[in-house]
Protein chains: 2
Amino acid sequence: MNELLYYDLKNVSGLTPGLATQVCREIGRRIVAGLFPEGQFIDDESKLCKRYNVSKSVVREAVKILVAKGLLEVRRGNGTRVRQRASWNLLDDDVLAWHQGVEPETDFLRKLIDVRLMVEPNAAFWAAGAATNEQIKEISKSHNDMENAKSIQEFVLADAKFHRAVLRGANNELLTAMEGVIFSALLSSIKITNNDPIDNRERSLPLHYKILKAIETQNKVRAEFAMRKHMADTYERLSKLLPELKSGVKKM
Amino acid sequence: MNELLYYDLKNVSGLTPGLATQVCREIGRRIVAGLFPEGQFIDDESKLCKRYNVSKSVVREAVKILVAKGLLEVRRGNGTRVRQRASWNLLDDDVLAWHQGVEPETDFLRKLIDVRLMVEPNAAFWAAGAATNEQIKEISKSHNDMENAKSIQEFVLADAKFHRAVLRGANNELLTAMEGVIFSALLSSIKITNNDPIDNRERSLPLHYKILKAIETQNKVRAEFAMRKHMADTYERLSKLLPELKSGVKKM
DNA sequence: GACAATTAAAACATCTGATGTTTTAATCCT
DNA sequence: AGGATTAAAACATCAGATGTTTTAATTGTC
């Protein structure tokens with residue numbers, strides 16, 4: 001499943017393999033998949049214990065995580081209900097990951113791309129001024145990996161790392177916290193471009209190269225422009241394969 | 001404290017008053033305040049139980065929340081350590097709230113403003129095309145409240161709601177999930193503008209009006225431009241009072 | 001003395017049962 | 001009918017027991 005790939009990209013460290021995490025993911029995916037109307041009560045502790053065959057401590061911890069991510073709301077003596085989608089921490093890496101494979105994917109992908117369009121060109125701008133040598137090396141390395149990738153998987157992975165490195169180079173932790181948006185959009189895009197008969201590497205690589213060079217030479221304006229162009233190109237390519245995308249995305 | 005004001009703006013519903021939440025906040029604030037170097041182990045369960053005088057279930061739930069927000073990493077049999085700042089969910093409302101009052105505030109405020117500059121003009125653009133009548137009414141109402149505000153508190157609250165309404169009007173939940181950035185930046189700004197002898201309402205209101213009108217008339221480009229101008233103005237005003245701000249913020 | 005295997009301690013993970021508190025709603029009384 | 005009482009449901013907290021994993025100290029052998 002694609003969600004696993006997302007975690008490959010993202011969660012190299014930091015995850016706990018415990019039961020609470022599993023139950024949390026189970027419930028979280030159901031919620032994100034839209035199985036509960038907003039405001040709907042979920043089963044109470046004891047029922048969840050039976051359903052997942054775990055103790056109530058585990059269930060309680062799982063619920064606490066989901067509350068922390070804005071998906072659930074617990075009221076003492078009353079019950080636990082699903083919060084409205086507008087209250088979810090949609091930028092949370094797990095919540096984003098749980099969206100993989102959920103319909104309607106196109107609509108969500110459009111929104112992800114919209115955010116990328118807002119953020120990444122500016123990130124490139126800042127990276128051109130602020131990235132450390134090490135961060136630039138990481139960008140460069142990722143570009144290299146894209147060139148030498150032997151499979152679509154490898155290519156996408158390198159692509160993701162390239163964009164992540166640019167974000168990190170901008171020297172703004174708040175941007176770094178949006179990595180998940182990029183990964184999520186990228187993974188959703190794969191499903192579309194997988195069907196693309198044309199190898200888009202030829203098209204994509206030179207644009208990445210321009211971004212890299214602009215950042216290396218600390219040319220902020222050019223870095224922003226190159227990133228914007230790359231994203232516009234990506235969007236155009238995608239929307240050719242998936243016309244529903246076109247309607248909403250801001251044209252340049 | 002300002003953090004409480006943040007919750008006034010944000011957490012009208014959704015919070016649990018339990019012990020776990022309290023302990024979590026206590027530890028969370030310490031971490032955000034930088035009391036632990038990255039990778040540092042925090043006290044183990046039993047010590048935390050003693051320190052906060054709660055049972056281990058409570059501590060475990062508190063820790064789970066902090067893990068969910070990316071601040072802690074638990075390894076079985078080993079211990080619980082603070083993750084590096086780059087791994088924190090900095091866009092999480094609680095994590096943002098915990099930043100209130102933490103030094104260095106200027107640096108963080110600059111980053112918040114950078115993100116606002118990336119996001120809000122675009123949000124205004126989209127809102128001009130997608131906002132429902134109800135959402136436009138909310139923007140309008142907030143503008144009215146700004147006009148009639150009788151205190152700085154009221155004014156800031158209305159201001160925050162104005163920007164939130166624009167964000168919501170863009171019809172993109174991922175943007176809505178960034179509300180916290182706006183509130184956080186706004187609250188940090190108060191401390192600066194509170195010392196401003198000049199009443200900035202006169203300067204701020206007409207700019208908000210232009211945004212409102214552009215959205216009402218569905219003029220996307222003008223809405224984006226008006227928002228950009230407003231933000232540039234705000235930034236300029238702030239950086240006059242706090243010169244350190246200027247260095248990093250993208251000029252327009 | 002060095003290296004490998006064993007062992008012990010520390011720390012988190014899970015289960016269980018008991019008790020308290022809050023909310024909701026049904027019941028009862030006037 | 002309306003207000004007060006009460007009972008049930010559901011979450012909150014505590015305490016103790018047991019299991020599992022990791023780390024490091026110990027031990028034993030060559």
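Letters go in sequence order (proteins before strands), and every chain restarts at 1.
A salt bridge links B:Asp107 with B:Arg110: the distance from a Lys NZ or Arg NE/NH1/NH2 to an Asp or Glu carboxylate oxygen falls below 4.0 Å. Between A:Arg85 and A:Glu38, none of the side-chain N atoms (NZ, or NE/NH1/NH2) sits under 4.0 Å from a carboxylate O, so this pair counts as no salt bridge. Between B:Glu154 and B:Lys150 no salt bridge is recorded (no basic side-chain N to carboxylate O distance below 4.0 Å). A salt bridge does not link A:Glu147 to A:Arg201: none of the charged nitrogens lies less than 4.0 Å from a carboxylate oxygen. The existence of a salt bridge linking B:Lys69 and B:Asp94 is confirmed by a sub-4.0 Å separation between a basic side-chain nitrogen and an acidic carboxylate oxygen.
We find that CZ of A:Arg76 is positioned 7 Å from C1' of D:dC11, with the value rounded to whole Å. A:Phe41 places its CZ atom 9 Å from the P atom of C:dA25, with the value rounded to the nearest Å. Remark: P of D:dA15 and CZ of A:Arg60 are 15 Å apart, rounded to the nearest angstrom.
In terms of the salt bridge (Lys or Arg N to Asp or Glu O under 4.0 Å) criterion, A:Arg30 has no residue partners (sequence neighbours excluded). Considering only residues two or more places apart in sequence or on other chains, A:Asp44 meets the salt bridge (Lys or Arg N to Asp or Glu O under 4.0 Å) condition with none of them. Evaluation of the salt bridge (Lys or Arg N to Asp or Glu O under 4.0 Å) rule for B:Arg60 yields A:Glu61, B:Glu45 as partners, not counting sequence neighbours.
For the atom pair CD (B:Glu138) and NZ (B:Lys161), the distance works out to 7.5 Å, reported to the nearest 0.5 Å.
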Contact list (N/O, under 3.5 angstrom) for nucleotides 5-10 of chain C vs protein:
none

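Interface residues of residues 45-58 of chain B facing DNA chain D, ordered by number: B:Val54, B:Ser55, B:Lys56, B:Ser57, B:Val58; criterion, heavy-atom separation under 4.0 Å.
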Original post:
So what does the secondary structure string of DNA chain C come out as, 5' to 3', with Watson-Crick or wobble pairs under 3.5 angstrom, [ ] for crossing and | for pairs with another strand?
Top reply: ||||||||||||||||||||||||||||||

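In this pair, A:Phe108 and A:His99 present their aromatic rings parallel. The plane angle is below 30°, not in the 30 to 60° band.
Remark: B:Arg75 is not in phosphate contact with D:dT22, judged by side-chain N or O atoms under 4.0 Å from OP1 or OP2.
Between A:Glu73 and A:Thr80 there is no side-chain heavy-atom pair separated by less than 4.5 Å.
Take the nearest nucleotide of DNA chain C for B:Gly79 and for A:Glu61: the residue whose nucleotide is more 5' is B:Gly79.
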